[in-house]
A.B. asks: 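Sharing a structure here in structure tokens format.
Just so it is clear: chains get the letters A, B, ... in the order the sequence lines come, proteins before strands, and each one is counted from 1.
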Amino acid sequence: MRDSRWHARLVLGLLLAPAVLWLGALVVLPHIDLGVLSFRERVGPRQYVPSLAQYKTFFAEPLYWHVFVRTAVMSVLATFLTLLLAFPVAWIIAKLAKGRAGSLLFIICLIPFWVSETVRTLGWMILLRESGVLPALMVKLGLTAMPVELLYRDATILVGLVYTSLLFMVVPLVSSLESLDNSLIEAAYDLGASGFTILRSIVIPHAAPGITAGCIVVFMLTLGNYLTPTLLGGKNSQWFTEQIYTQFITRFNWEQGAAFGFLLLGLSTALVILGLRLSGQRFGDVMRAT
Amino acid sequence: MSTPDLLADAVVKRFADHTAVDSLSFSVARGSFFSILGPSGCGKTTLLRMIAGFIAPDSGDIAIGGSSMRGVAPNRRPVNMVFQQLALFPMMSVGENVAFGLARRGVGRAERTKRSNAMLERVGLGNAAHKRVDELSGGQRQRVAIARSLVLEPTLLLLDEPLGALDLKLREHMKIELKQLQAAFGTTFVYITHDQSEALVLSDHVGVMSHGRFEQLGTPQDLYYRPQTPFVAGFVGANNRIVGRATASDAAIAEVTSADGWVVHALKSGTIAVGDAVEAFVRPEVATLARNAAELPAGQPRHAGVVQSVLFDGANSAVLLQEAQTQREFRIALPQTGQFSDLKPQEQVAFSFEPSRAVCFKARTDA
């Protein structure tokens, strides 16, 4: 009896080992090290003292926290736009398309993800740059006299971010909408509700965990995205991950970079908690919906 | 006579490969309980959904409370529906569920609460307004679903097999409750079911539906005692079916001889000529059973059989016989006197039935 229990524990332990190792070696340990790094200051060659200087710099230098706030606002905006775009898509896949048509639509959403993010983003650059496809088309249609540079604008960054995130919103939305019993919609309609009322009082409350889950995932991905804002926004993008990159790679200021990293972590955590509070969702329910 | 609450005029609905509802016309009088009874796939759900407005008929018209419903959306019809799975809103409390329709009509919050509470009171759930839907039992949910519809005072309440999901005991109980609710509210109920007992117990009138048409429309007693078609005779209540040819016929009674040579007599329904293929039906309770042929009522043709099995079911007990000559199965209801409580398989028995209480039809050429 004791033996078999011990045996079961061993098996469980072995099964969990890869996950624990992965979390420990790649997430927990580096974060402990970065945490230590962020709370010290270099006072001479190879001489460090504990200090809050890195965090003070962040608040003292307007550029840093401007970029920080901008990244947060743009990420929230991108998440919201992704939700607006993904909801009808998910509705069509979950409710309107029947059988194979639904799977086909799902695959169409998935196909862009067979290509690496870099290549996808470069594709956008080919379309949008001054000598690219879209500006040329606009000249041909007589919309503009000269080719216009469509890259390096905030709207371009948003387009890229929404495009990259769409699938991560569609998947939880489809699963939460699929579990919505059609007869609830019909019952509401039968009781006199309009389409908008049904959406507001039946569909959205039912899909809320899925909506929140999708928003959390998309928000995290967007906030931590480096490639898309850099390539599509260029120097103008002013994305906070670029600041972190600069500190680590260009300036060799690991202490400052680590502090920025933690600020970003704090920001995303705070906004996710705020989002959960505002939508009245519990984290457990939301995670089950993903 | 006042205008009927529901009037269907030559309603047709075709789907790609078959006609679900085939030129159906009927009317339902105000305040009555009307059931549509049929096996699954007979088109009864399609018909109900057309009345509710979820699908539009291909041709024909449906009028509710005297006005045509053509082009009127479900949320604008004076009709409410109780769904098969009830479709209570799990994201709302019981009270909010009942008040939902009132809110859609722009009834103010205080008035809404008052009316939904009064309705819950009437269905015996006066203290459940603040409960969550999943805290209720099956029967209570049933009542909430009905209350949610009735609070809107619809001209017509549609019920789509609402008892199907309940267990037997509760179903029997809810049958009685539904009938009492209908009597108390006086609302016209249109009820669809595949369960003939529900239809017989509940309804003032029943339409028996098959392949998109009404086989017969009448009171439960009509359907049971005076079926008009073989389908109705076979579908409503238990019946012994004997297929054969008419070998003799007088003004009322035909002699039916089965292919294997069993001769029975039954009342003719419609014109039957000698030589026609016919189907005869004998209800289990019409036949008299006796251990000794001499005890059978005089003047009835007598048959002999061997007990195959005794189906004890309290008041519904029956015995399954094999007719001596043809080995055909024949079911006879056991009398309540306990006279045959010691009946054993393989016993030789005699039976007879009054020919005028059995019925025969000309067999359908397409069947």
A.B. asks: Among pairs that include at least one residue of residues 101-117 of chain A, which meet side chain to side chain donor-acceptor pair (under 3.5 Å), considering only residues two or more places apart or in two chains?
C.D. replies: Glu117(A)-Asn225(A), Glu117(A)-Thr228(A)
A.B. asks: Are any of the side-chain nitrogens in Arg70(A) or Asp154(A) under 4.0 Å away from the carboxylate oxygens of its partner?
C.D. replies: yes
A.B. asks: Give, as side chain, backbone, both or neither, the part of Ser183(A) having an atom under 4.5 angstrom from any heavy atom of chain B.
C.D. replies: both
A.B. asks: Side chains of Ser149(B) and Asn80(B) only: does a donor on one sit below 3.5 Å from an acceptor on the other?
C.D. replies: no
A.B. asks: Is atom CZ of Phe80(A) surrounded by more than 12 heavy atoms (other residues, nucleotides or ligands) closer than 6.0 Å?
C.D. replies: no
A.B. asks: Considering only heavy atoms and a distance below 4.5 Å, find which of Gln84(B), Gln85(B), Arg105(B), Arg49(B) pairs most often with chain A.
C.D. replies: Arg49(B)
A.B. asks: Of the listed residues (Thr197(A), Asp181(A), Ile185(A), Asn182(A)), which shares the most heavy-atom pairs with chain B below a 4.5 Å separation?
C.D. replies: Thr197(A)
A.B. asks: In terms of heavy-atom pairs under 4.5 Å, which option from Ala208(A), Pro205(A), Ala193(A) contacts chain B the most?
C.D. replies: Ala193(A)
A.B. asks: Mark yes when over 12 heavy atoms from residues, nucleotides or ligands other than Arg200(A) sit less than 6.0 Å from its CZ; otherwise mark no.
C.D. replies: yes
A.B. asks: Taking atom types as modelled, is there a side-chain donor on Ser35(B) or Ser203(B) under 3.5 Å from an acceptor on the other?
C.D. replies: yes
A.B. asks: Side chain, backbone, both or neither: which part of Phe54(B) has a non-hydrogen atom closer than 4.5 Å to chain A?
C.D. replies: side chain
A.B. asks: Check each atom of Met91(B) against the heavy atoms of chain A and say whether the ones under 4.5 Å are side chain, backbone, both or neither.
C.D. replies: side chain
A.B. asks: Taking side chain as everything from C-beta outward and backbone as N, CA, C, O, which of these in Arg148(B) sits under 4.5 Å from a heavy atom of chain A? Side chain, backbone, both or neither.
C.D. replies: both
A.B. asks: Chain A heavy atoms under 4.5 Å from Leu88(B): which part of the residue, side chain, backbone, both or neither?
C.D. replies: backbone
